[in-house]
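To start, the structure under review is shown below, and the notes come after it.
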Amino acid sequence: MNVLFSMFTYLIQVMLPFMGILIIGCCFKSLFSNLSFRHPLIALINKTTGEKIPIVYWENSIGRDKHCDIVVNSPTASRDHAVLYRRDEGWFISDTNSKGGVYLNGTPISEDEKVYIDDIIQIGGINYELRKSDVFYDESEKNSLKNSYNKFYAGGSLLILVSFFQAFCTVQMCFSGPSFNYEPLKIFGLLLGISWASFFVSKYIIRRSNFELETLGIFLSSIGIINSAGVDVKLTYTQIICLGIGIIFFEIILAFIKDPDISMKFRPYIAVIALILLAINLVFGKVKNGSQNWVMLGPFSFQPSEIVKVAFVFFGSSTIKGIQTTKNLTLFILFSVACMGALFLMNDFGTACIFFVTFILIAFMRSGSIRTVVLTCAAAVIGAGFILKFKPHIVTRFSAWRHVWEHINDAGGYQQTRVLAYSASGGLLGLGIGKGALKHVFAAPSDLVFGMLCEEWGVIMGILIVLTIAILGIYARSASIRSRSAFYSIASCCGAGMLVFQMMLNVFGVVDILPLTGVTLPFISLGGSSLISVWGILAFIKASDERTYAIKR
C-alpha cells in the first residue's frame, strides 16, 4: 500500500509543472489574443487640406510638438494645446492651458466641452471637422471582444484546471507524512471557496467578460499558500484570509478607478493617507530582521509600506489632460522623496529600491524624457554615497555578496549557501511539497521562497513562476496601448514593472547574483501585507484591459 501511495504522489509531482504550464499558457494566450489591431474610433478632417486623421485612442494629445498624437502644423498652436478624449458619455475636448485657445463651432471653450459628429474644432487657426470613421468601431470591436477565448472563460474552464491543481497539491500534502494528514483538506476547501466565490462575483454580479488575470493571481497565490503549508499548516490560515482581503481590495480599486477623471481628484488625499501610514510606521513600528517596517495590532502585524506601494503607483499615474496641464513632476518628486526617506529611516532598503525604480518608470512615462531619468539616476548615486558615508554599517550587510561560500557558517552566507545547495537538490520536478530541508532555514517561506520552490516543486515550476511575472510585465506594456486612459496605461506599466523588479530582487538575491535585500516574491512569499499589496497592483494591470469596464454604446 505504501508503494502505491508513493507512486501516486510521484505521479502528481510529475503532473504539477505541466498543469502549471497549461494554465499559464492558456491564460496568456487569451490575454494576448485580445490585443488585436485597433480600428479607428472617429476621424478629424482638416478643412483646409482635406487630410483625414484617424483617432484610435481614448485620449489624444493635440499640439505642435511632434510627440503629440495629433500634430498641428501651425506656429500659433502651443506645443501641448488640447486633449480630445472619450468617456462613457461621449467625446470631449479640453484646452490644456494653450495660448491661442480652443474654439468649438466658432466659440472659445473655457472648460471641458462635449463634441459631436460634424462639430468644428479650431486649434492654432486650423479647423478640424469631427467625422465618423470609415470602419465602424462598435461592431468590429464588439466582435473582437467576444471571441472564442472569452467564451472559454465564461464557463470558468481554466479555473476548473486551477481547482484540480489545488486538489492534487492537497492530496500530495495529505500523504507526505508517515500517516494521512487531514489538515490540508481544510486549506483546499478554503482555497476552493475563495476562488469560485471571486469568479461568480466577477461573472454574475459585476458581469465582466474576462477572468484571465484573476485566474493567474489565484493560481500563483495558491502556490504560495500551499508552499507555506509545507512548512507549517497553521501559517496558511492567515495567508488565506489575506488572499480573500486581497481579492476584495482588487475589486475596490477597480471600482474606485473606473472613472479616471474622478480618480485624479482623489490623488492628493491618497498621498496624504500614504504619508500618514509611513509616519505611523516610524513612530509605532517594531524592528524585525533589522528593519523597522512592522506595526503590531494585537497578535497581528502588517507592513504599511506594502500598502503604500499601491498608493505610490496611484499617485504617480495621470490622464493625458493631467500631464499636459501639469508641466512638471514636482509634487510627485516630493512625495517620492518623502516615501523613500521614510523607508531609509526604517532601514528597509529593498523596498526603497523598488520605489526608486518605479519612480523612474513613472517619471519617464509622464515626461517621455530620457534626461529626467538620467538626472534622477545621478541624484540616486550621490544619495547612495551619502548613505554609505553616514551609515557605514549598511556595507557590512552586503559584505558576503558574491562571496557567500566564504561565509558558509556565519550570518553573511548561511542562508544563501543553503538555498543554493538545497534548491539544486530538487532537480526538475522537486522532492515534493513539505519534503525539503530548506524549510528549516530562517525566512525560508518568505525571503528565500524561490529556493523552496526549486527544492520542493522543482526547477521547472520555479522558472515558470518567474516567467509568469515577467510575461505579465510584457502584457501590461502591450495592453497599455489600448487603454481607455493614460492613467490606466501608466498605472499598469509601472505596477507591472514594480512586480517584475521585486521578483528580480528576490530571485537574484537568494542565488547571490544581487545582494540579499529581504523583499518578497510577489504572490508566493509568506506575508499577508505583501499578498494584499500585489492584488492591489494587479487591479491596475486589469484596468488597462478595455474589456474590464463595460462600454456604453
Side-chain angles (χ1 to χ4, degrees), residues 37-87 89-137 260-261 264 317-330 332 363-373 480-490:
F37 173 76
R38 159 166 276 182
H39 299 293
L41 307 176
I42 54 174
L44 286 179
I45 306 297
N46 188 319
K47 299 295 289 182
T48 302
T49 64
E51 177 190 8
K52 182 178 181 180
I53 305 171
I55 307 300
V56 297
Y57 302 120
W58 285 69
E59 292 182 341
N60 304 269
S61 56
I62 306 175
R64 195 178 73 251
D65 195 295
K66 63 180 181 179
H67 297 295
C68 289
D69 299 310
I70 302 169
V71 179
V72 179
N73 295 314
S74 170
T76 59
S78 300
R79 294 177 63 85
D80 296 308
H81 199 108
V83 170
L84 178 66
Y85 64 95
R86 180 184 179 181
R87 294 292 182 260
E89 297 80 12
W91 287 91
F92 293 84
I93 186 75
S94 174
D95 184 352
T96 52
N97 298 333
S98 66
K99 294 182 179 178
V102 176
Y103 291 79
L104 179 61
N105 297 322
T107 304
I109 66 172
S110 57
E111 55 186 20
D112 295 8
E113 292 286 347
K114 190 171 184 178
V115 292
Y116 300 89
I117 300 300
D118 299 330
D119 277 354
I120 302 296
I121 302 170
Q122 186 184 96
I123 296 173
I126 299 177
N127 291 324
Y128 296 92
E129 183 179 353
L130 194 69
R131 293 271 189 90
K132 287 185 177 180
S133 171
D134 292 337
V135 180
F136 290 98
Y137 169 79
D261 297 315
M264 285 284 292
S317 305
S318 178
T319 61
I320 285 184
K321 185 176 70 170
I323 293 172
Q324 291 194 181
T325 53
T326 304
K327 297 299 182 181
N328 55 61
L329 299 171
T330 304
F332 180 58
F364 177 73
M365 290 197 69
R366 289 192 59 173
S367 67
S369 171
I370 297 293
R371 181 185 173 204
T372 300
V373 174
S480 66
I481 301 174
R482 298 173 55 87
S483 292
R484 296 168 63 240
S485 171
F487 177 84
Y488 300 138
S489 298
I490 296 172

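Numbers for residues simply follow the sequence, beginning at 1.
Here the CD1 atom belonging to I109 is positioned 8.5 Å from the CD1 atom belonging to I121, to the nearest 0.5 angstrom. Note that CE of M264 and OG of S317 are 9.5 Å apart. Values are rounded to the nearest 0.5 Å. The line from CZ of R79 to OG of S61 is 12.0 Å long, rounded to the nearest 0.5 Å. Note that the CD1 atom of I320 and the SG atom of C68 stand 9.0 Å from one another [nearest 0.5 Å]. Rounded to the nearest 0.5 Å, atoms CD1 (I93) and NZ (K114) are 14.5 Å apart. In this structure, I45 CD1 and T49 OG1 are separated by 9.0 Å, a value rounded to the nearest 0.5 Å.
For Y128 against V71, the heavy-atom pair with the smallest separation is OH-O, 4.4 Å. Minimum heavy-atom separation, N73 to I126: O-CD1, 3.9 Å. Nearest heavy atoms, H81 versus G124: CE1-N, 4.1 Å. When all heavy atoms of V102 and D95 are compared, the pair lying nearest together is N-OD2, 3.7 Å. Scanning both residues, T76 and G125, for their nearest heavy atoms gives OG1-N, 4.2 Å. Residue W58 comes nearest to R484 through the heavy atom pair CB-O, 2.9 Å, listed as atom of the first residue, atom of the second, then distance.
Proximity of D118 to E129: side-chain heavy atoms (C-beta onward) are separated by under 4.5 Å at one or more points. Contact of the V83 side chain with the I62 side chain is not registered, since no non-hydrogen atoms from C-beta on lie closer than 4.5 Å. In this structure, the side chains of F487 and S318 stay at 4.5 Å or more apart for every pair of heavy atoms. Proximity of L44 to I70: side-chain heavy atoms (C-beta onward) are separated by under 4.5 Å at one or more points.
In this structure, the side-chain hydrogen bond (donor to acceptor under 3.5 Å, both in side chains) partners of R87, at least two apart in sequence or on a different chain, are E59, D261.
Screening residues 92-127 for ring-ring contact (aromatic ring centres under 6.0 Å, His included) gives Y85-F92 as the qualifying pairs, with residues at least two apart or on separate chains.
Here the side chain of N60 pairs a donor or acceptor atom with the backbone of L84 at under 3.5 angstrom. A donor-acceptor pair under 3.5 Å is absent between the side-chain atoms of S78 and the main chain of D80, judged by distance alone. Side chain of S483 to main chain of A486: no donor-acceptor pair is present (N/O by atom type, distance under 3.5 Å, no hydrogens or angles). A donor-acceptor distance shorter than 3.5 angstrom exists from the side chain of S489 to the backbone of S480, with no hydrogens or angles considered.
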